[in-house]
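Since we're looking at a predicted model, the values are computed, not measured. Within every chain, numbering begins at 1; the chains are lettered A, B, ... in the order of the sequence lines, protein sequences first and strands thereafter.
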Protein chains: 2
Amino acid sequence: MAMPLPGPRAWIEVVTMEFKHQATVTLAEVADAAGVGESTVSRVLRNHGSFSGKTRDRVIAAVERLGYVPNRIAGTLASTTSRLVAFVIPSLSNIVFPDVLRGASAVLEENRYQAVFSVTDYDPTKEEALAAAMLAWRPAAVMLAGYEHTEGTVKMLRASGCRIVEMLDVDGDALDLAVGFSNGAAGRESAAFLLKRGYRRIGYVGHDLNRDTRAGKRFAGFCQTLGTGDAPLADREILAGASSVENGRLGLERLLARTPDLDAVYFSNDDMALGGYFHCLARGISIPGQLAIFGYNGLDIGRATPQPLSTIRTPRVATGQVAAQLVVTNAPPQVVDLGFELIEGATA
Amino acid sequence: MAMPLPGPRAWIEVVTMEFKHQATVTLAEVADAAGVGESTVSRVLRNHGSFSGKTRDRVIAAVERLGYVPNRIAGTLASTTSRLVAFVIPSLSNIVFPDVLRGASAVLEENRYQAVFSVTDYDPTKEEALAAAMLAWRPAAVMLAGYEHTEGTVKMLRASGCRIVEMLDVDGDALDLAVGFSNGAAGRESAAFLLKRGYRRIGYVGHDLNRDTRAGKRFAGFCQTLGTGDAPLADREILAGASSVENGRLGLERLLARTPDLDAVYFSNDDMALGGYFHCLARGISIPGQLAIFGYNGLDIGRATPQPLSTIRTPRVATGQVAAQLVVTNAPPQVVDLGFELIEGATA
DNA sequence: ATCGCTGTTGGCAGCGCTGCCAAAATGGGT
DNA sequence: ACCCATTTTGGCAGCGCTGCCAACAGCGAT
């Protein structure tokens with residue numbers, strides 16, 4: 001209507017406006033309904049400050065009656081303190097990260113924190129963009145994988161003033177909090193184990209190491225220990241793309257085609273190792289007699305194969321739990337090394 | 001200090017207060033620095049409304065200079081429209097859900113939405129509590145698994161006015177949007193396939209069906225089709241707890257101990273089926289000659305085993321993508337059946 | 001020079017809640 | 001009945017941004 005009619009219809013606009021916002025019950029309405037002030041409702045709902053039992057009952061009743069749902073957006077703005085925790089993770093395909101999220105979200109939920117996440121695909125530039133986007137939500141903490149971040153990311157995070165947790169690695173300088181284990185040590189121990197078992201013609205099958213820097217650190221540690229013995233790395237096969245069972249299978253096939261006399265192969269992780277294991281099963285290569293296989297991560301599936309996979313079990317869920325715990329308790333900056341466990345298994 | 005000293009130190013308190021809020025740059029400060037009004041900065045930053053190129057450059061420069069990070073909490077409150085999408089999922093251990101999240105988060109990120117999540121452990125009561133907590137963040141949409149929710153959950157979601165997406169199932173009445181495939185049909189097709197292949201002594205190994213209602217629907221569909229032929233279900237083994245490779249192995253072991261003459265086994269999903277497969281490998285049971293194995297999900301690992309797993313491939317990532325797409329485009333209520341694909345494989 | 005149009009711009013009232021403060025109620029003592 | 005120390009309570013100014021609206025500038029057309 002270009003020309004609203006004068007007179008009794010003037011209230012029409014008001015009605016329209018009232019319908020605009022999805023009949024959302026506000027704290028003020030609850031206060032009215034309960035016959036108390038807004039701050040009293042707020043205190044009761046957060047169980048913070050003091051109020052009489054009688055008042056509490058009336059407030060609760062009004063809340064139930066109206067179906068009031070507090071607005072955390074408004075609450076966060078008003079208190080300038082957030083209970084959001086932002087996860088910026090490389091991937092959701094690699095089970096490592098769901099595991100970390102699982103551990104963390106359990107702890108966060110108990111403490112009434114809320115997890116938000118985004119996925120970088122192992123791309124540091126994307127990580128920077130996503131971290132920036134996350135900071136706009138003013139989280140209490142940002143949880144990242146590892147230490148390798150762009151300069152921009154680091155600067156932004158530092159300036160944000162929120163807690164920073166670098167997870168799944170402790171080989172480096174933490175920005176604030178760090179929780180995980182040493183990938184370098186994992187690589188070294190794997191090599192030491194294979195050497196101790198007597199293997200001397202050792203190869204490696206891995207996925208894109210530029211992106212997954214933690215896998216890179218393991219490989220570096222592995223080579224470092226091999227290098228000090230009489231059995232330097234005999235050959236390696238690096239596949240482009242993410243780790244996967246199929247890539248592990250393919251990688252081992254190629255590696256053996258080139259260097260058939262290997263007696264052991266180290267894989268960048270259990271997914272890859274399982275692929276190698278299946279390749280051997282399919283080709284009738286006896287394990288570990290003809291070829292030993294060693295992985296990394298300690299996935300459950302590796303314990304159920306006919307021969308349990310020799311690998312290193314990492315505390316992924318615990319990493320998430322501890323990371324979350326440190327954040328909710330507002331712990332001082334520190335590095336928590338959760339260690340790892342070498343599983344002898346039966347494939348090496 | 002119980003008694004603050006008078007005189008020149010009076011400003012101490014003021015300084016303390018200034019440090020309280022982590023030197024956060026606000027839009028107003030950017031406006032001052034750029035010599036423009038707040039609303040102009042807001043328009044430039046959101047690329048919304050009109051402004052001159054000159055103004056834009058000055059604003060951008062000020063933003064960079066001050067390292068301004070917009071506050072989405074404030075923005076969301078002010079605009080009363082949210083770009084948060086809440087995922088309330090049963091589990092993160094079951095790869096299904098990370099896959100869905102992966103598909104969804106890619107689409108959401110492109111559209112500048114932010115994913116938040118929490119995990120119910122397949123517990124409807126917990127789902128209700130978590131859904132309530134999520135609604136407090138006033139999300140644009142709540143994404144859930146399946147149709148089985150408590151009355152309270154349904155009532156709350158309906159009242160919230162935000163979009164509701166029920167994922168991974170289409171066998172039921174959708175509250176608003178639904179994206180997935182028919183679990184009942186998957187069960188029926190699996191049974192039909194085994195019957196067509198000539199198997200007649202068919203067993204089932206599954207995990208807790210009360211919690212995972214979608215697995216229950218598959219099993220029901222499976223039995224339904226078997227029942228119409230001359231080969232009703234010969235035996236079943238249900239394991240308490242979540243699905244896992246180890247449970248699949250154990251389940252098959254128990255089932256065969258009780259009913260050794262089975263010629264095929266249907267598993268509640270691929271994790272379980274792989275356990276069964278490994279059990280056969282370990283015991284020298286030939287597949288599919290002595291025993292056929294059929295799974296559900298179409299995990300990548302099932303394609304890399306010496307014999308590719310016979311299974312049904314489900315569009316998990318696509319489910320997440322489509323769900324997110326429907327939300328960001330504000331599509332009308334509808335049910336999207338993405339279907340599934342039967343993989344013949346070599347284990348049945 | 002004046003008019004009217006389109007394109008820009010700033011001011012300001014909220015969004016729904018929390019934190020602070022002052023006011024009011026309560027509950028013994030005396 | 002009166003005083004003081006506690007509770008308990010309500011008012012209200014923001015938190016940082018957006019949306020609305022009015023004001024204004026630029027620029028051909030008259």
Give the rounded distance in Å between these two atoms: CZ of B:R83 and P of D:dC17.
17 Å
Given atom CH2 of A:W137 and atom P of D:dC17, what is their separation to the nearest angstrom?
13 Å
Name all pairs fulfilling the side chain to side chain donor-acceptor pair (under 3.5 Å) condition that reach into residues 103-115 of chain A, sequence neighbours left out, sorted by first residue then second.
none
With a cut-off of less than 4.0 Å, is there a side-chain N or O of A:R46 near OP1 or OP2 of C:dT18?
yes
Going through the distances and angles, do A:V41 and A:V36 end up as a side chain to side chain contact (heavy atoms under 4.5 Å, CB included)?
CA-CA 7 Å; A:V41 177; A:V36 301; 3.7 Å; yes
Gap between atoms CG and C1', on A:D32 and D:dG11 respectively (whole Å):
14 Å
Where the side chain of B:T80 is defined as all heavy atoms beyond and including C-beta, which of D:dC15, C:dC15, D:dC17 is the nearest nucleotide?
C:dC15
Between B:N47 and B:R56, do the side chains contain an N or O donor and an N or O acceptor separated by less than 3.5 Å?
no
Integer-rounded Å distance: C:dG16 P and A:N71 CG:
7 Å
Specify the separation, in whole Å, of atom NE2 of A:H48 and atom P of C:dG19.
6 Å
Take nucleotides 4-10 of chain C nucleotide by nucleotide from the 5' end and write B, S or -, depending on whether a protein heavy atom sits under 4.0 Å from the base, only from the sugar-phosphate, or from neither.
----BBB
Spacing between B:L77 atom CG and D:dG14 atom P, to the nearest angstrom:
17 Å
What is the separation between atom CG on B:N47 and atom C1' on D:dT18, rounded to the nearest whole Å?
16 Å
Residue pairs meeting side chain to side chain donor-acceptor pair (under 3.5 Å), one or both in residues 62-73 of chain A, sequence neighbours left out, come to none
First locate atom CG of B:L92, then atom CG of A:L101, and finally report the distance between them rounded to the nearest 0.5 Å.
6.0 Å
In whole Å, what is the span from the CZ atom of B:R138 to the C1' atom of C:dG16?
9 Å
Quick one: do A:K54 and A:D57 make a salt bridge, cutoff under 4.0 Å?
no
